[in-house]
Chemist: 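The structure under discussion is supplied below as structure tokens; questions concerning it will follow.
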2 protein chains.
Amino acid sequence: MIGAGIKRGTAELAVLSILEDGPLHGYEMARRIEEQTKGALRFTLAALYPMLYRMEQRRWIRGSWETSDNGRRRRCYRLTPAGKKKLSPLRQEWSELFQALRRLKKVANA
Amino acid sequence: MIGAGIKRGTAELAVLSILEDGPLHGYEMARRIEEQTKGALRFTLAALYPMLYRMEQRRWIRGSWETSDNGRRRRCYRLTPAGKKKLSPLRQEWSELFQALRRLKKVANA
DNA sequence: TCTGATATATAAGAATATTACATGTAAGGG
DNA sequence: CCCTTACATGTAATATTCTTATATATCAGA
């Protein structure tokens, strides 16, 4: 698994990305992110839930209580229009960061 | 410039990378990293210095006071063998993280 | 002598992460 | 029926890290 220090800041992008696929509740988000990144990205639920509240306060996502088929209550989050709008510039930033780090490496190896 | 939340955790890799080129003091590190990443990565010095102490405590880098030609004292940091050893797995981790995030995006866009 | 660049550092507060704690339901096996 | 595993959400305490502001001091040039 990827170390703790590294994945700082990646969680928000991961959550927004996974929600682009459709509404999801926290537990399932974590499961899918772990699955789709082949275990590379895995956050503890204790880190996830507070993060979801923060993102909800910023109006990037919106949560609503739902009852699943098996009668379990769970909080289902969906992307808001604001969150959707946030997604491409956020990806752009990440992409720039990757390039920047690659440049550093290149120079160091030259 | 890249947003604050994003660059979390990137600083250590950047510092180690830049020190691979040779010993440097903090101020110059910041300048070069900013230059070589074309302004994408830029950290405030107030964030840099405490980070250098942390990395020194972990024995990844070692600092020593030097006096430059113009008589100014400055703290010159160099990679330790341990820091050098840390560098490739750290890059590996980053690379995995990038791929993981790309996978998420791919799935979301599919 | 004043300003801007160089150079390092700390303090206070905000944001975030980790670990541990706390609760409860459902499904399946023994 | 009981136990365990998976599902599902949360809080509290603590630790770490980041930002903003402040402080110090030298040097070069106007």
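Computed from a predicted structure; not experimentally measured. Hydrogens, waters and symmetry mates play no part in the numbers below; they use all other heavy atoms, side chains included. Letters go in sequence order (proteins before strands), and every chain restarts at 1.
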Chemist: In whole Å, I'd like the distance from the OH atom of B:Tyr53 to the P atom of C:dA11.
Modeler: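 To the nearest whole Å, that distance equals 11 Å.
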Chemist: Between atom NE2 in A:His25 and atom P in D:dG10, what is the gap in whole Å?
Modeler: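 One finds 11 Å between P of D:dG10 and NE2 of A:His25, rounded.
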Chemist: Would you mind checking if B:Arg91 and B:Glu20 are paired as a salt bridge, meaning a charged N to carboxylate O distance below 4.0 Å?
Modeler: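 Looking at B:Arg91 together with B:Glu20, the answer is yes, because their closest N to O distance falls below 4.0 Å.
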Chemist: Within this structure, what is the CG-to-P distance between A:Leu52 and D:dT11, rounded to whole angstrom?
Modeler: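 Atom-to-atom, A:Leu52 to D:dT11, this comes out as 12 Å.
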Chemist: Whole-Å distance between D:dC18 P and B:Met51 CE?
Modeler: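 Result: 8 Å.
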Chemist: Which of these nucleotides, D:dA8, C:dT8, C:dT18, is closest to any side-chain atom of A:Ala47?
Modeler: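 Of the options given, the side chain of A:Ala47 lies nearest C:dT18.
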Chemist: The side chain of A:Arg54 is closest to which nucleotide in this list: D:dT9, D:dG10, C:dT16?
Modeler: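 For A:Arg54, the side-chain atoms sit closest to C:dT16.
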Chemist: Just N and O in the side chain of A:Arg73: are any of them under 4.0 Å from OP1 or OP2 of C:dT23?
Modeler: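 No, outside the criterion.
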Chemist: Could you tell me the separation between the CG atom of B:Leu48 and the P atom of C:dA9, rounded to a whole number of Å?
Modeler: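 In whole Å, C:dA9 P and B:Leu48 CG are 10 Å from each other.
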Chemist: Provide, to the nearest angstrom, the distance between the CD atom belonging to A:Glu56 and the P atom belonging to D:dT9.
Modeler: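 Result: 13 Å.
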Chemist: A:Tyr27 side chain: which of D:dT20, C:dT19, D:dA8 is closest?
Modeler: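 Output: D:dA8.
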Chemist: Starting at atom CD of A:Glu66, determine the distance to atom P of D:dA8, rounded to an integer number of angstrom.
Modeler: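 Spelled out: CD on A:Glu66 to P on D:dA8 is 12 Å.
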Chemist: Tell me whether the side-chain N/O atoms of B:Tyr49 come closer than 4.0 Å to OP1 or OP2 in C:dA9.
Modeler: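 The answer is no; no side-chain N or O of B:Tyr49 sits under 4.0 Å from OP1 or OP2.
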Chemist: Classify the nucleic acid contact of B:Arg74 as base, sugar-phosphate or nothing, counting any heavy atom under 4.0 Å across all strands shown.
Modeler: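 Sugar-phosphate: the residue B:Arg74, judged by heavy atoms under 4.0 Å, touches backbone atoms but no base.
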Chemist: Applying side-chain hydrogen bond (donor to acceptor under 3.5 Å, both in side chains) between A:Arg75 and each of A:His25, A:Glu66, A:Glu56, report the one that passes.
Modeler: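 Filter result, single survivor: A:Glu56.
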Chemist: For the CZ atom of B:Arg102 and the OG atom of A:Ser95, what is their distance to the nearest 0.5 Å?
Modeler: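 Answer for the CZ-OG pair, B:Arg102 versus A:Ser95, is 9.0 Å.
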Chemist: Starting at CZ of B:Arg54, measure out to CD1 of B:Ile61 and round the result to the nearest 0.5 Å.
Modeler: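 These two atoms lie 10.5 Å from each other.
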Chemist: Looking at A:Arg31, I want to see if its CZ is surrounded by more than 12 non-hydrogen atoms of other residues, nucleotides or ligands under 6.0 Å.
Modeler: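 It does: A:Arg31 CZ has more than 12 such atoms within range.
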Chemist: Taking CZ from B:Arg31 and C1' from C:dA7, how many angstroms apart are they, rounded to a whole number?
Modeler: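 Taking CZ of B:Arg31 and C1' of C:dA7, I get 13 Å after rounding.
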Chemist: Among the candidates C:dT8, D:dT9, C:dT19, find the nucleotide nearest to the side-chain atoms of B:Trp65.
Modeler: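 Closest of the options to the side chain of B:Trp65: C:dT8.
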